[in-house]
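Below is one structure, written out as structure tokens, with a few remarks after it.
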Amino acid sequence: MDFASLPHRFGERDAIGALRAAEEGLANEQAGTRQWRVAGRVLARRGQGGVSFIDLEDMSGRVQLLADLERLGEDVFEQVRSVSIGDLIGVAGVARRTRRGELSVEVAEWIELAPCRLPFPDRHHGLQDVEVRHRQRYLDLMTDPAARERFVARSRMVAGIRRSLDDAGFLEVETPVLQPLYGGAAARPFVTHHNALDRDLYLRVATELYLKRLVVGGLERVYELGKDFRNEGVSFKHNPEFTMLEFYEAYADCEDVMARTEQLVAAAAISVLGTTKITVKGTAVDLAPPWPRVTLGEAIRQQTGIDPLALGRDSAPLLARMQADGMDTSHDKTWAQLVDHMLSHYVEPTLIAPTFLTDYPVELSPLARRKPGADGLVERFEAFCGGMEISNGFSELNDPDDQRARFEEQAAAGRAGDEEAHPVDEDYLTALEYGLPPTGGVGLGIDRLAMLLTGQDTIREVVLFPAMRT
RNA sequence: GGGCCGUUAGCUCAGCUGGUAGAGCAGGGGACUCUUAAUCCCAAGGUCGAAGGUUCGAUCCCUUCACGGCCCA
């Protein structure tokens, strides 16, 4: 087919869904009066001598086309008859319900818009090969309505989150993806190089430190919704680039942002599903606030009988228990890493219904404010649902001296081999010297929330183009 | 990073104990004037993921590699 001869547009197009809604009342063999112009992809063709039936689909729905030799003449009818599955075409004509009761468009005008030159995937079994579905997501979207619905739902969820935050007076901002220094999360960064400046830059692992600079600057409620990049393994809940929401609220603390988090998630669920009730791994759960709050130490105690935060900083009983359970503790070099490992091994998988864990050890939380009267703890929470961490927030540490000390500890850990430790960020410390108001901040994993709201067990099904080996 | 499993026509899948591969759909040709996974006829379509090895002979057994999936870290 000669592409140069194909139309560049198909104007005054009607959505198939609108046609269906408007003409639903037609009786069998009755024709409507209005001329419709619909366009889309050909999904099926059924010939019957001088009559041909085509199934045409656009983003709003599917409708049958009815083409008649006597009405169209031989030339046009031959075009219809020879259309390939997958071709993109436009038609004009009135609606008519066929003898067998199928609402159809009676083709009066037939316009080829773009050919499908490769064989279309089997339309009865769909595309089964997971690898092809992910590498060529357009084929998945073409052939699987459920895949389309999943990504529409994700988009609605994100729009709902933006609406909630905008309505609460938050300002959406954009901070650097390319950073001279990374920070804001315990993660290994991707490194790239700026040729003109001849220096290495990091892809951000979090937006936290830049957003808090903005709060210092007087932008009292800010959020950023965008990609973070962490140079770590791929799993059902990890993609090396993933979407994160972070929001910061001046004059608020951990409790305030915890409440906002559960409300935000519930509102997102309603904007997608119309309800806060979801099913996760076969279990019915309700995302409606308030979510139960349990301290980290108590949560670990409930699963193991040991409250590691009630034992000072003694690693021995933790190690004994974990090794007795056959766990590989060779990567856990510190007490804090043992606690983190216990959390992810014993507790996280059990938290199916939404739950806040609170009272984290300061060693695991270098950017969080200390909890008054609780030595070694910070005002921090993590939210879990579906056996995954979905959110992390705290009262923001605004004491520049303490922050410097925490950075120094991180740097020491880094020198000792902890590849996920924070580097010291002098520029951020300078910002804190000017005064960060008491502030609460939260990170919320958008992909994982999308998994929960669309009932998917793997992040790859809610990311349009998940990371693949090339 | 480790363990297990998978990879056969464009797609979905068969293929027995080792004897050089089949079907349906799609694509091509034809029949058919109301089909709904239309039906019927004809022809075509393969580096059996890749490379080695064993064997008279390998899609099948062995080794390595690539990619994917699941589990563990």
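Hydrogens, waters and symmetry mates are skipped; everything else that's a heavy atom, side chains included, is used. Every chain is numbered from 1 and lettered A, B, ... according to where its sequence line falls, protein lines coming before strand lines. Note that the structure is a prediction, hence the values are computed from the model and not measured.
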Classify the angle between the aromatic ring planes of Phe407(A) and Tyr428(A) as parallel (below 30°), tilted (30 to 60°) or perpendicular (above 60°). perpendicular
Glycosidic class, syn or anti, of U12(B) using a 90° window around 0: anti
Gap in Å between the two C1' atoms, one belonging to G52(B) and one to G29(B), rounded: 44 Å
In whole Å, what separates the P atom of U64(B) from that of G2(B)? 12 Å
In this structure, CZ of Phe53(A) is separated from CD of Gln48(A) (nearest 0.5 Å) by 7.0 Å
Those residues that, when tested against Lys281(A), pass salt bridge (charged side-chain N to carboxylate O under 4.0 Å, His left out) (two or more places apart): none
What interatomic distance, in whole Å, is found between C1' of G28(B) and the corresponding atom of G68(B)? 33 Å
For a 4.5 angstrom cut-off between non-hydrogen side-chain atoms, does Ile278(A) reach Leu287(A)? yes
Report the C-alpha separation of Arg204(A) and Glu224(A) in whole Å, then their side-chain angles, then the decisive distance to 0.1 Å, and conclude whether the salt bridge (charged side-chain N to carboxylate O under 4.0 Å, His left out) test is met. CA-CA 13 Å; Arg204(A) 67 185 181 198; Glu224(A) 180 159 10; 2.9 Å; yes
What's the gap between G45(B) and U54(B) when it is taken at their C1' atoms, as a whole Å value? 33 Å
If you look only at pairs with a residue in residues 333-345 of chain A, which of them pass as a side chain to side chain donor-acceptor pair (under 3.5 Å), with sequence neighbours excluded? Asp332(A)-His341(A)
Polar atom pairs (N or O), protein with nucleotides 70-73 of chain B, under 3.5 Å:
unit_1	atom_1	unit_2	atom_2	d
C70(B)	OP1	Arg460(A)	NH2	3.1
C70(B)	OP2	Arg460(A)	NH2	2.5

Given Phe356(A), which of Phe384(A), Phe394(A), Phe381(A) fulfils the ring-ring contact (aromatic ring centres under 6.0 Å, His included) condition? Phe381(A)
In whole Å, what separates the P atom of U20(B) from that of C34(B)? 48 Å
For RNA chain B, what residues of residues 28-55 of chain A have any heavy atom nearer than 4.0 Å? Arg46(A), Gly47(A), Gln48(A), Gly49(A), Gly50(A), Val51(A), Phe53(A)
For Glu348(A), check side chain to side chain donor-acceptor pair (under 3.5 Å) against everything at least two apart and list the hits. Lys237(A)
Would you check if Phe120(A) and Met142(A) make a side-chain contact, meaning some heavy-atom pair closer than 4.5 Å? yes
Whole-Å P distance, C72(B) and U36(B): 48 Å
Using a strict 4.0 Å threshold on nitrogen-to-oxygen distance, state whether Glu131(A) and Arg469(A) make a salt bridge. no
Rounded to whole angstroms, how far apart are CG on Leu72(A) and P on U33(B)? 16 Å
Identify every side-chain donor-acceptor pair in residues 31-38 of chain A under 3.5 Å, counting partners at least two apart or on other chains, and give the distances.
unit_1	atom_1	unit_2	atom_2	d
Arg34(A)	NH2	Asp14(A)	OD1	2.7
Arg34(A)	NH2	Asp14(A)	OD2	3.3
Trp36(A)	NE1	Glu23(A)	OE2	2.7
Arg37(A)	NE	Gly11(A)	O	2.8
Arg37(A)	NH2	Gly11(A)	O	3.1

Could you go through nucleotides 4-7 of chain B and list every protein N or O atom that sits under 3.5 Å from one of its N or O atoms, giving the distance for each pair?
none

Check every strand shown and say whether Ile85(A) touches a base, only sugar-phosphate, or nothing at a heavy-atom separation below 4.0 Å. sugar-phosphate
If one requires at least 3 consecutive Watson-Crick or G-U pairs with distances under 3.5 Å, the stems of RNA chain B turn out to be B:1-7 with B:66-72, B:10-13 with B:22-25, B:28-31 with B:39-42, B:49-53 with B:61-65
Roughly how many Å apart are U8(B) and C48(B), using the P atom of each and rounding to a whole number? 11 Å
With a 4.0 Å cut-off on heavy atoms, is Arg135(A) in touch with a base, just the backbone sugar-phosphate, or nothing at all? sugar-phosphate
The nucleotide from G69(B), U36(B), C25(B) with an atom nearest the side chain of His124(A) is C25(B)
Sorted by chain and number, sequence neighbours left out, side-chain contact (heavy atoms from CB on, under 4.5 Å) with Arg369(A) holds for Ser395(A), Asn398(A), Pro438(A)
Between G69(B) and C56(B), how many Å separate the two P atoms, rounded to a whole number? 40 Å
Go through the structure and list residues passing salt bridge (charged side-chain N to carboxylate O under 4.0 Å, His left out) with Asp325(A), not counting sequence neighbours. Arg321(A)
Distances for protein N/O vs nucleotides 8-12 of chain B N/O pairs under 3.5 angstrom?
unit_1	atom_1	unit_2	atom_2	d
C11(B)	O2'	Asp122(A)	N	2.9
C11(B)	O2	Asp122(A)	OD2	3.4
U12(B)	OP1	Gln128(A)	N	2.9
U12(B)	OP1	Asp129(A)	N	3.0

Pair up each side-chain donor or acceptor in residues 178-190 of chain A with any protein partner under 3.5 Å, not counting sequence neighbours, and list the distances.
unit_1	atom_1	unit_2	atom_2	d
Gln179(A)	NE2	Pro176(A)	O	3.1
Arg188(A)	NH1	Glu419(A)	OE1	3.4

Electrostatic pair Arg137(A)-Glu461(A), nearest N-O below 4.0 angstrom: yes
Taken to the nearest whole Å, CZ/Arg81(A) to P/U33(B) is 12 Å
